[in-house]
Novice: 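Can you read through this structure? Questions will come right after.
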Amino acid sequence: MKFINNKLRIENAIIQNIAQRYNTPAYCYSYKQLKDNVNHFKKNFSSISPLICFAIKSNTNINLIKEIKKFGLGADVVSMGELMIALKAGINPKKIVFSGVGKTSKEINYAIDNKILLINAESKSEIKEIEKIAKIKKTQVQVGIRLNPNTDAKTLNQISTGKKENKFGVNDKIFYELVEYCKNSKNITLKCLSVHIGSQILDYKPYEKMLKVIGNVIKKAKFNFEYIDLGGGMGISYEKNTKKLNYKKYNLAIKKFLKGRKSKIIFEPGRSIIGNTAVLISKIIYIKRNNVKNFVIIDAAMNDLMRPALYGAVHQILPAIKKNKKSKRAYEFVGPICESTDKFTTIKNFQEVNEKDIIVIRDVGAYGMSLSSNYNLRPKPIEILIKGSKIKVIKKRQKHKDII
Ligand code: LLP
């Protein structure tokens with residue numbers, strides 16, 4: 001994404017033109033950025049040749065999943081819907097892992113019937129449910145057990161998953177019990193230890209700690225796991241000057257962990273693959289001043305992009321057409337929804353804007369569209385993929401008649 005002659009572009013497409021042609025709000029993705037991200041990810045971990053399972057929850061657009069499949073990635077799914085879309089996009093079931101604390105028997109049945117690589121179980125009851133269903137089907141099911149390593153990911157509390165107070169996984173004591181249970185089961189084959197300590201992680205040290213915990217647990221469990229699923233969580237830079245995750249150090253820690261072991265590593269990245277591939281294009285509806293603030297009311301809202309309202313997440317905003325004149329007052333960019341949390345960000349020194357101007361909200365590829373809703377009965381935005389000079393609608397804008 002860059003400005004050429006003051007016009008913001010994604011690859012060769014000019015944002016202002018896209019807004020005019022397809023209307024706003026619109027999610028707009030760059031194919032090249034996606035490809036670069038996948039290549040970087042692969043390169044960073046090339047020495048351990050992992051199985052990379054894209055976390056479908058971060059983006060459920062089937063056209064994007066199809067592209068991701070073409071790069072050879074598998075999928076991490078957490079519901080029947082996500083498993084269905086991964087299969088429909090053509091992802092090999094032998095590259096699909098199923099995570100989640102509350103898989104229903106219907107979902108387990110579906111996963112078994114489709115012969116996916118692993119069901120990563122998160123409780124005693126779930127292991128027993130998988131065993132029961134496998135027995136009825138007279139089959140053997142490959143499972144993983146998700147360990148809660150009680151490791152602080154040092155990220156936002158709301159997206160932290162690996163501490164003992166979090167609902168995810170089982171503690172070490174139950175883990176050992178389950179390993180013994182699986183050893184004696186005719187219908188369950190234990191293949192994997194899985195973890196996922198959180199999302200938007202920018203410090204490699206929590207990963208290092210997590211690997212130490214796993215190492216100790218494996219020693220005590222005295223079990224050879226064919227797979228170690230380390231989850232996802234690799235963070236991206238939403239704001240200027242944020243530190244970057246040191247992939248080299250994370251990779252080194254994994255290599256150290258793998259010494260003397262034959263396990264294959266699985267990753268479940270979402271954000272690091274798709275996060276910075278998209279912008280949300282939006283039009284300024286009104287500008288409203290009061291004594292203390294300058295509200296810029298845009299046509300995108302928290303139903304289109306939930307992260308700021310839900311986590312206080314900050315996404316940068318850029319104008320579609322750059323002008324030199326700076327505003328003297330700070331702008332608070334807000335949506336039209338009847339909630340005070342329907343606000344994106346406040347920016348000082350933004351260029352002076354006018355009603356009907358086009359702006360973009362950056363880095364919305366992950367947990368943008370996938371977390372969107374029809375709140376206030378607002379139709380969901382259109383999704384567009386840019387590939388060089390080609391513009392493709394990869395999801396139509398919802399119409400009112402679709403939701404009423
Ligand atoms: N694996 C498991 C088991 C997960 O729960 C998640 C994310 C991932 C993989 C992918 O994590 P990633 O690489 O994308 O960090 N809605 C929040 C993020 C929630 C993440 C939930 N789990 C946000 O917008 O920041």
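Throughout, residue positions are numbered sequentially from 1 according to the sequence presented. The structure displayed is predicted, hence computed values, not measured ones. All ligand and atom numbering here is 1-based and tracks the order in the structure.
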Novice: Just by distance, no angles: are the side chains of Glu339 and Tyr375 close enough, under 3.5 Å, to form a donor-acceptor pair?
Specialist: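 The criterion, which ignores hydrogens and geometry beyond distance, is satisfied for Tyr375 and Glu339.
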Novice: Compile the donor-acceptor pairs under 3.5 Å between side chains in residues 345-353 and protein atoms, sequence neighbours left out, one pair per line.
Specialist:
unit_1, atom_1, unit_2, atom_2, d
Gln351, OE1, Lys323, N, 2.8
Gln351, NE2, Ile321, O, 2.9

Novice: Counting heavy atoms only, which part of Glu268 comes closer than 4.0 Å to ligand 1: side chain, backbone, both or neither?
Specialist: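 Under 4.0 Å from ligand 1, Glu268 contributes backbone and side-chain atoms.
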Novice: Is the closest heavy-atom distance from Pro269 to ligand 1 below 4.0 Å?
Specialist: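 In this structure, Pro269 qualifies as a contact of ligand 1 - some heavy atom is under 4.0 Å.
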Novice: At what distance is the nearest protein heavy atom to atom 20 (C) of ligand 1, and which residue and atom is it?
Specialist: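 Its nearest protein heavy-atom neighbour is Tyr367 OH, 3.6 Å.
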Novice: Any idea which atoms of ligand 1 are less than 4.0 Å away from a heavy-atom of Gly232?
Specialist: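 Matching atoms, with element in brackets: 9 (C), 13 (O).
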Novice: For the atom pair CZ (Arg9) and NZ (Lys2), what is the distance rounded to the nearest 0.5 Å?
Specialist: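 Atom-to-atom, Arg9:CZ and Lys2:NZ are 8.0 Å apart.
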Novice: Between ligand 1 and Arg146, can you find any atom pair, the residue atom being a heavy atom, that is separated by under 4.0 Å?
Specialist: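 Yes, Arg146 has heavy atoms under 4.0 Å from ligand 1.
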Novice: At under 4.0 Å between heavy atoms, is it the side chain or the backbone of Ser199 that contacts ligand 1, or both, or neither?
Specialist: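 Both backbone and side chain.
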Novice: Are the side chain of Asn216 and the backbone of Val213 linked by a donor-acceptor contact shorter than 3.5 Å?
Specialist: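 No, the answer is negative, given that no donor and acceptor are paired below the 3.5 Å cut-off.
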Novice: Is the contact between Phe168 and ligand 1 made by the side chain, the backbone, both, or neither, using heavy atoms and a 4.0 Å cut-off?
Specialist: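 The answer is neither; Phe168 stays 4.0 Å or more away.
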Novice: Contact between Ser272 and ligand 1, counting heavy atoms under 4.0 Å?
Specialist: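 Heavy atoms of Ser272 never come under 4.0 Å of ligand 1.
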Novice: With a heavy-atom distance limit of 4.0 Å, tell me whether Arg271 approaches ligand 1 through its side chain, its backbone, both, or neither.
Specialist: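 Near ligand 1, Arg271 shows its backbone as well as its side chain.
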Novice: Of the backbone atoms (N, CA, C, O) and the side-chain heavy atoms from C-beta on, which set of Leu310 has a member under 4.0 Å from an atom of ligand 1: side chain, backbone, both, or neither?
Specialist: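 Neither part.
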Novice: Give a yes or no on whether the backbone of Gly198 and the side-chain of Thr155 come within a donor-acceptor separation of less than 3.5 Å.
Specialist: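 Checked: no pair found.
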Novice: Any nitrogen or oxygen of Ser58, side chain or backbone, less than 3.5 Å from one on ligand 1?
Specialist: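 Looking only at distances, the answer is no, because the N/O contact criterion of under 3.5 Å is not met.
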Novice: So, is Ser99 polar-close to ligand 1, with some N/O to N/O distance under 3.5 Å?
Specialist: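 So ligand 1 has no N or O lying under 3.5 Å from an N or O of Ser99.
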Novice: Are there more than 12 heavy atoms of other residues, nucleotides or ligands under 6.0 Å from atom NZ of Lys183?
Specialist: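 Result for NZ/Lys183: enclosed.
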Novice: Taking only non-hydrogen atoms of Lys57, do any sit less than 4.0 angstrom from ligand 1?
Specialist: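 In this structure, Lys57 qualifies as a contact of ligand 1 - some heavy atom is under 4.0 Å.
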Novice: What atoms of ligand 1 come within less than 4.0 Å of a heavy atom belonging to Leu371?
Specialist: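 Counting atoms of ligand 1 from 1, those under 4.0 Å from Leu371 are 16 (N).
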